[in-house]
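Report on one structure; see the data block that follows.
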Amino acid sequence: MATAKKIAKAKNAPAKAAAAKSSFDLKSSLNAEQLAAVTAENGPQLVVAGAGSGKTRVLTYRIAYLVSKGMAPHRILAVTFTNKAAQEMASRVDQLVGKYVPISTFHSFCLKVLRANREKIGFDKGFVIYDQNDQLMLLKECMRRQDIGDKRLKPQYFANAIGLAKDRLESADKYLKRAEKSKEYNDELVAKVYKEYEKELKRVRALDFDDLIMRTVLLFKREPEVLKFYQDSFDYVLVDEYQDTNYAQYQLVRMLSEKHRNLFVVGDPDQSIYRFRGAEIGNILSFEKDYPEAKKTVLERNYRSTSAILDAANDVIAQNAGRWEKNLTSENGPGKKVSFYSAKDEHEETDEIIRQVKKLLREGYKRHDIVVFYRVHLLSRLIEEAMVKNRIPYKLVGDTGFYSRREIKDQLAYMRAALNNFDDVSLRRIINSPTRGLGETTQETLASFAQTAGITFYEAIEQHRRIDRFTDAVHKKLQKFLELMEELTEAQKRMLPTEFLNFILEKTEYIEKICPSDDEEDVMRRENIGELLSAVADYENTTTDEKASTEGFLNEVAITADIDKWNDEADTLTLMTIHNAKGLEFPVVFIMGMEEDLFPHINAKGVKDEIEEERRLCYVGMTRAKERLFLSCALKRVMFGVNQSRDPSRFLGEIASNHVERRFSSRKILLSETAGSQKLPSKPAGTVDTGDLTVGMAVVHTHFGNGVISSISGEGESARLTIEFENLPAPKVLVAKYAKLKPLKSGTGKTCRK
């Protein structure tokens, strides 16, 4: 099938190329700034691409331009961050010039380098790549061996710390030296676990996700002839989303482009949002210092959002100090004002979102036109429940990913264990799935025997007769499992991946034993396994490897992100965290939970760099919107079982009042409704002239004008008053003692609100 596709593509190539060349008109497709960047002379180039300014267009046209000038596609190295982005860019280039230019992610490129040089990195018999779940299982075992319980520090803590160390190209030995100097207790624990973890990875012939880039850079540093080979292989290096590169990626790019210095990077400091993953905004900010001869082009024309949306987003990002000034202008007209809704609690907030969604659907929008963003995943529960209750189909991005589902991970574990018998994590996953009477007690005994004897888990299974604690029944079960694994190990050597997966399902009777019934869960599991078979077949038909293999498929799966599986054509509303939104756009965007300690996150409190990162994240969320943008907060929210008063996000207060349309609680607040409401003491607070202050009371402030008290937190002079002022885009929180408020008598002003 793959051969037939290649033949068909070859037959159509001349006509396709001719058609592409005839339509490849740069001047009619690009604005002046884009054209200057695309057609620039050789040498380092920095393209500062504001949100929606055509970043992907510039990259793809630059590649197409180089090809149209005679550059061989294989002499161009273009890298981005997701498979989805890479595929879209490759497809666009193909449409423009009729030639396929392979575009990689950082990790897929490095994986190819490491596979081609496996002997030089100590894996002459190959290796597997551990995903996050496998990594956490191995770390938990390493923690146990170092007598570190997981009550205070979880495996995820060590995974994060080790991942950041690898982003900095910091080996376990270097980390240990730094920990000894710092004398920080947690650093010393991480150093111990990191050392054990690396030893175990080597023993089981595995790499984790962060190893891919770090080991490639270290390989280039250690083996100059390998680096020279790749430097000689590429005349041009192009990098997408340069503002999100970490130190290891920065070094990789510098080394690869060092010979020809034809480095073309595109990015926007205002959209750098992955500091917690090791991204260093300084990489893009110092580009001109690293490359003094670099040409810089700034793209400021936005083709995505309306002026109303862009003006509000610009108001927010302008508050950051560590940025380059840009003046983004919209090419899409004024549009409708940004809508801000202040709800009395989280339930009313979700009700308002549902109400607006239904209204938008009646106006002609499709469900897939709409996204609801939130800063923290815990906010997804209420909006999910509201979607279900109102029968609005939705997709939760960031939910259990396809490759993280039990039935899928089981099949992948069988494939990996057959490929690599040293893979203890995969073996322990499948030894009792389906159930074979080889539970935790048996597995722990095998693991203990393996550790004492200094052998692998698989070798312990091979030597099970040496373990006296096992009964005859257990020995028979272990022998039967061993025979199964030997059969699978031989089969994977001669079978294509699709054949091999079907062989696994047949030999293990997985479907018959795990999901045989017609209940909803079993049906879903069978459908997922069917989808896995489709994924394997798709790999066989599209891989650029010389021969489709189980190892190749497993490696491709390991570098596939959750967002790569998201289908933006399905007619479902999308729910996701803002961190998952990078590179996406929607006609309609909702951002909920815009409250202090939620957005900006409480972890950023008091740290200038962290607050600026949160503000960039807010800017990214706002600029995903093409036509409509809805922002919302709740003045009360149950957090961790406690009903708390909430302060609106500072980001809301940074939007100019003429750039936002304010809406309030759907329940009318009238002066006559104050009976039984929360009160301050009858004695005037601070500079209040007369009367008590109550929720719902109309007041006037000497500077902010007329408003309504929407909530009161605390008592006496230190009470915090949340007030909805007519002339401000967001509620204001004032301390009673200093509030300078005067109650308004009924009928003296426009103080009643919805």
Side-chain angles (χ1 to χ4, degrees), residues 5-49 52-81 83-105 108-109 112 230-242 253 256-257 259-267 291 293-299 301 303 331 542 544 583:
K5 280 191 173 184
K6 289 177 181 176
I7 292 172
K9 186 173 182 180
K11 285 182 177 179
N12 295 329
K16 187 176 180 183
K21 285 181 179 178
S22 65
S23 62
F24 186 56
D25 184 354
L26 292 174
K27 289 186 178 179
S28 64
S29 303
L30 304 170
N31 65 36
E33 295 78 20
Q34 292 171 339
L35 181 63
V38 166
T39 60
E41 296 296 323
N42 289 350
Q45 289 190 71
L46 169 63
V47 180
V48 182
S53 64
K55 167 182 68 66
T56 304
R57 173 175 288 261
V58 167
L59 263 175
T60 52
Y61 269 79
R62 175 64 174 176
I63 297 168
Y65 174 76
L66 293 174
V67 173
S68 71
K69 292 295 182 182
M71 179 56 57
H74 69 272
R75 304 288 302 173
I76 300 170
L77 174 63
V79 289
T80 184
F81 278 83
N83 291 317
K84 187 179 179 70
Q87 291 164 6
E88 288 175 357
M89 288 167 62
S91 177
R92 289 196 198 184
V93 172
D94 194 15
Q95 291 170 7
L96 287 171
V97 291
K99 291 186 179 180
Y100 178 72
V101 179
I103 297 173
S104 308
T105 64
S108 63
F109 170 75
K112 289 177 182 176
Y230 287 99
Q231 287 177 336
D232 291 343
S233 297
F234 303 111
D235 294 309
Y236 292 87
V237 177
L238 300 92
V239 184
D240 189 17
E241 305 284 13
Y242 192 67
V253 169
L256 287 169
S257 60
K259 179 178 179 179
H260 298 291
R261 294 183 75 80
N262 292 324
L263 175 59
F264 186 98
V265 305
V266 180
Y291 303 92
E293 76 275 32
K295 178 179 179 181
K296 179 179 177 181
T297 307
V298 182
L299 307 182
R301 293 194 226 177
Y303 294 91
E331 300 288 319
T542 59
T544 56

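Since the structure is predicted, the reported quantities are computational estimates derived from the model, not experimental observations.
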Polar side-chain atom of S91 near backbone of E88 as donor-acceptor pair, under 3.5 Å: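 Checking the backbone N and O of E88 against the side chain of S91, no donor-acceptor pair under 3.5 Å is found.
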Donor-acceptor under 3.5 Å (R62 side chain, F264 main chain):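 No: the side chain of R62 does not pair with the backbone of F264.
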With a 4.5 Å cut-off on side-chain heavy atoms, are [Y] and [X] touching?
| X | Y | value |
| --- | --- | --- |
| S29 | R57 | yes |
| I76 | F234 | no |
| F109 | P102 | no |
| I103 | V79 | no |
| R261 | E293 | yes |

Within residues 68-79 or reaching into it, pairs that qualify as salt bridge (Lys or Arg N to Asp or Glu O under 4.0 Å) - sequence neighbours excluded: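 Non-adjacent pairs meeting salt bridge (Lys or Arg N to Asp or Glu O under 4.0 Å): R75-D235.
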[X]: which residues meet the side chain to side chain contact (heavy atoms under 4.5 Å, CB included) condition with it, sequence neighbours left out?
| X | answer |
| --- | --- |
| K55 | A49, D240, E241, V266 |
| K296 | L46, V48, E288, V298, W324 |
| T56 | T60, M89, R92 |

Out of curiosity, [X] [atom1] to [Y] [atom2], how far, rounded to the nearest 0.5 Å?
| X | Y | atom1 | atom2 | value |
| --- | --- | --- | --- | --- |
| I63 | L77 | CD1 | CG | 9.5 Å |
| F81 | T105 | CZ | OG1 | 9.5 Å |
| L263 | L256 | CG | CG | 9.5 Å |
| T80 | K84 | OG1 | NZ | 12.5 Å |
| Y100 | H74 | OH | NE2 | 15.0 Å |

Carboxylate-amine/guanidinium proximity below 4.0 Å for D94 and K99: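 Salt bridge absent between D94 and K99.
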Review item, side-chain donor-acceptor pairs of residues 34-45, under 3.5 Å, at least two apart:
{"residue": "Q34", "atom": "OE1", "partner": "N31", "partner atom": "N", "Å": "3.0"}
{"residue": "Q34", "atom": "NE2", "partner": "S53", "partner atom": "O", "Å": "3.0"}
{"residue": "T39", "atom": "OG1", "partner": "L35", "partner atom": "O", "Å": "2.7"}
{"residue": "N42", "atom": "OD1", "partner": "Y236", "partner atom": "OH", "Å": "2.7"}
{"residue": "N42", "atom": "ND2", "partner": "Y236", "partner atom": "OH", "Å": "3.3"}

Chi angles and distances behind the side-chain contact (heavy atoms from CB on, under 4.5 Å) call for V47, L299: CA-CA 7 Å; V47 180; L299 307 182; 3.8 Å; yes
Partners meeting side-chain hydrogen bond (donor to acceptor under 3.5 Å, both in side chains) with E33 (sequence neighbours left out):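 Counting only residues at least two positions away or on another chain, E33 forms a side-chain hydrogen bond (donor to acceptor under 3.5 Å, both in side chains) with R301.
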Closest non-hydrogen atom pair, S68 against V97: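 Shortest heavy-atom contact: CB-CG1, 4.5 Å.
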Nearest heavy atoms of V101 and A90, plus distance in Å: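 What the structure gives for the nearest pair is O-CB, 3.8 Å.
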